[in-house]
Amino acid sequence: MSVRVRFAPSPTGPLHIGGVRTALYNYLFARKNGGKMLLRIEDTDQNRYVPGAEAYILEALAWIGIQIDEGQGVGGPHAPYRQSERKEMYRQYAEQLIAAGKAYYAFDTADEIEAMRKRLEEAGADAAQYNAITRLQMTNSLTLSAEEVQQRIAKGDPYVIRIKIDPKQEIRFKDIIREWVSVHASTLDDKVLLKSDGMPTYHLANIVDDHLMEITHVIRGEEWLPSAPLHVLMYQYFGWKAPQFAHLPLLLKPEGNGKLSKRDADLGGFPIFPLQWTDPNTGIVARGFREDGYLKDAVVNFLAFLGWNPGTDQELFSMDQLIEAFSLERIHKAGARFDITKAKWFNQQYLKGTSNEALGEILQNNGQWPADTSLDLDKVVALMKDRVTFPQEILSEAAFLFTPPATYEEAVATSKWNTDAQKAVAAYIEDLKIFEGDFLAESAKAIWAAAAERVGVKMGKVMQALRLAVTGAGHGPDLMLTMEILGKQEVIARLEKALATLS
Ligand code: GLU
């Protein structure tokens with residue numbers, strides 16, 4: 001049977017970066033096994049629906065490079081892929097379970113359920129649930145006569161359909177990552193399958209759709225592990241073959257204790273969403289990995305390692321290499337620490353590997369590159385890219401190229417701007433003035449070496465002084481390339497200014 005997996009987000013807000021990891025693992029597994037990747041939108045909870053969230057999900061997946069084979073936005077043989085548009089279809093499955101004695105109608109009002117909870121709590125019950133014991137005291141098709149049930153339904157009394165858990169059994173299944181999971185059915189409650197507005201709950205819609213869409217592997221976050229026994233039981237009740245389950249490890253705080261939250265991200269000053277998100281109600285903008293300057297390949301590589309490793313020392317993996325190396329068996333159970341410094345490290349690596357042209361385009365597109373400059377964009381990128389983590393830092397760290405120094409780093413001026421340095425700089429100015437060739441890094445260096453020698457000064461000893469005169473700082477990127485980018489006239493002007501100001 002060919003592999004079919006799905007990513008099934010609920011459009012309740014911006015997709016969390018953990019959701020992107022879930023989608024990525026599904027995608028890697030599908031591609032590795034020549035299978036299909038589906039996208040299903042689970043929007044049955046109308047109260048939690050957030051406009052724009054679905055479009056955000058599609059955009060985030062496209063940005064990261066996850067291609068959907070079938071599903072929302074693409075279409076396919078099981079359309080529609082948005083559960084709200086499949087609403088009418090779920091009822092028959094809930095009724096099928098009723099007919100088989102595995103579900104029942106329940107007419108209890110919210111107040112009655114609340115009163116039951118109170119009663120149980122007061123009596124000291126551990127868990128006040130609607131379950132195999134309490135259902136016998138409630139208003140449902142197990143306690144009412146068949147006629148009364150029919151009358152109530154005909155009259156239009158609101159009702160839900162609940163699963164009838166058979167409490168006398170152990171539910172066991174083998175999770176690919178967690179091995180055997182075993183839960184006693186008596187601990188489960190009679191979950192609502194169909195709500196009074198006719199909408200299915202997550203549990204019903206999820207199981208029915210996974211079955212109809214012929215999903216072979218359910219790969220999802222650990223937070224769904226507690227629901228898995230119910231799902232396994234539902235497959236049994238329907239007489240359907242259950243898919244295999246793989247519950248992914250939690251993403252932990254950067255310090256490693258507890259679940260990663262939006263608050264941790266805010267405190268740590270890093271994003272937790274793939275793309276920037278503007279809340280449609282409050283207008284509050286949450287930062288995104290993309291807008292913060294993370295390259296998509298770096299994010300993919302970083303996320304792949306949050307819960308999985310290849311078993312070798314190799315750390316840099318392209319999407320294709322990940323597909324090749326990926327297996328569910330190498331995913332670990334233990335939570336994965338969300339170490340943003342690692343994400344930055346990946347970004348640096350991918351930035352170095354990105355062409356100057358592509359980075360130049362980023363700077364032009366984000367509006368950072370000044371329209372009125374005569375500096376060469378390509379060369380500025382080449383000069384700076386090994387020294388920064390994010391594309392936008394190329395320009396913020398290269399301010400000295402655009403404006404001549406207004407001040408000079410004092411400690412360097414005191415220790416390095418001596419008479420030897422001044423002599424060498426003055427000779428350099430003279431030689432530059434008479435130089436007529438192309439002013440490239442190599443020529444800048446050769447002329448500097450010759451000038452220093454002419455006045456009897458060791459070039460290496462006065463190098464930092466030259467840098468100070470040109471840039472105002474004692475440290476920075478390749479000085480000769482810096483001078484090439486500035487051009488001969490600008491270098492001469494800066495050196496003359498340094499001689500006049502510093503001496
Ligand atoms: N709609 C669920 C979510 O938002 C899907 C859980 C699952 O994959 O079964 O995460």
Side-chain angles (χ1 to χ4, degrees), residues 3-30 35-50 52-58 60-61 66 68 70-73 78 80-87 90 173 175-178 181 191-193 195 199-235 238 240 242-251 259-262 272-274 277 303 307 328 331:
V3 162
R4 288 172 63 82
V5 295
R6 85 304 192 268
F7 180 51
S10 298
T12 53
L15 183 62
H16 189 278
I17 197 72
V20 182
R21 183 200 57 175
T22 299
L24 176 66
Y25 282 19
N26 273 281
Y27 179 68
L28 296 176
F29 182 69
K36 290 256 186 307
M37 166 83 179
L38 279 76
L39 175 66
R40 184 172 73 225
I41 301 295
E42 302 208 325
D43 58 348
T44 54
D45 192 347
Q46 300 284 293
N47 299 327
R48 297 183 62 215
Y49 177 80
V50 173
E54 183 185 310
Y56 179 98
I57 291 165
L58 293 176
L61 296 180
I66 292 176
I68 304 301
E70 195 184 309
Q72 187 58 26
H78 301 285
Y81 291 92
R82 206 186 263 135
Q83 287 183 327
S84 58
E85 290 169 22
R86 303 166 66 79
K87 176 181 170 189
Y90 299 109
F173 67 97
D175 184 277
I176 297 172
I177 299 166
R178 278 143 221 281
V181 177
K191 282 264 180 307
V192 172
L193 301 179
K195 294 181 270 191
M199 267 292 190
T201 56
Y202 155 72
H203 301 292
L204 178 65
N206 188 270
I207 265 55
V208 167
D209 283 346
D210 279 349
H211 170 69
L212 295 178
M213 295 177 186
E214 300 170 85
I215 298 304
T216 58
H217 296 76
V218 167
I219 304 167
R220 61 184 175 190
E222 181 178 300
E223 63 273 27
W224 298 103
L225 189 59
S227 300
L230 171 70
H231 296 175
V232 169
L233 189 70
M234 286 174 73
Y235 282 105
F238 279 116
W240 297 336
Q244 282 188 263
F245 290 97
H247 287 92
L248 306 177
L250 278 183
L251 296 187
K259 198 176 152 193
L260 176 72
S261 69
K262 167 90 170 54
I272 202 170
F273 302 121
W277 164 261
L303 291 179
L328 294 177
I331 296 175

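Ligands are counted one by one from 1 in listed order, and the atoms in each one are counted from 1 as well.
If you check the side chains of His247 and Arg220, you find a donor sitting under 3.5 Å from an acceptor. Side-chain contact annotation: Glu70 with Tyr81, donor-acceptor N/O pair under 3.5 Å present.
For ligand 1, the atoms lying closer than 4.0 Å to a non-hydrogen atom of Tyr202 are 2 (C), 5 (C), 6 (C), 7 (C), 9 (O). Taking a cut-off of under 4.0 Å to the non-hydrogen atoms of Asn206, the atoms of ligand 1 that pass are 7 (C), 9 (O). Near Glu42, the atoms of ligand 1 lying under 4.0 angstrom from a non-hydrogen atom of the residue are 1 (N), 2 (C), 5 (C).
Using a cutoff of 4.0 Å between basic side-chain nitrogens and carboxylate oxygens, Arg178 and Glu222 are scored as salt-bridged. In this structure, Lys87 does not pair ionically with Glu85, as no charged nitrogen and carboxylate oxygen lie closer than 4.0 Å.
The single protein non-hydrogen atom nearest to atom 5 (C) of ligand 1 is Ala8 O, 3.1 Å, given as residue, atom name and distance. What sits closest to atom 4 (O) of ligand 1 on the protein, heavy atoms only, is Ser10 OG, 3.2 Å.
Ring orientation note: the planes of Tyr202 and Trp224 are tilted relative to one another, at an angle of 30° to 60°.
Put simply, the residue from Arg6, Arg86, His78 that forms a side chain to side chain donor-acceptor pair (under 3.5 Å) with Asp209 is Arg86.
Using 4.0 Å as the threshold, Arg6 has a heavy atom nearer than that to some atom of ligand 1.
On a distance-only criterion, Val218 and ligand 1 share no N/O pair closer than 3.5 Å.
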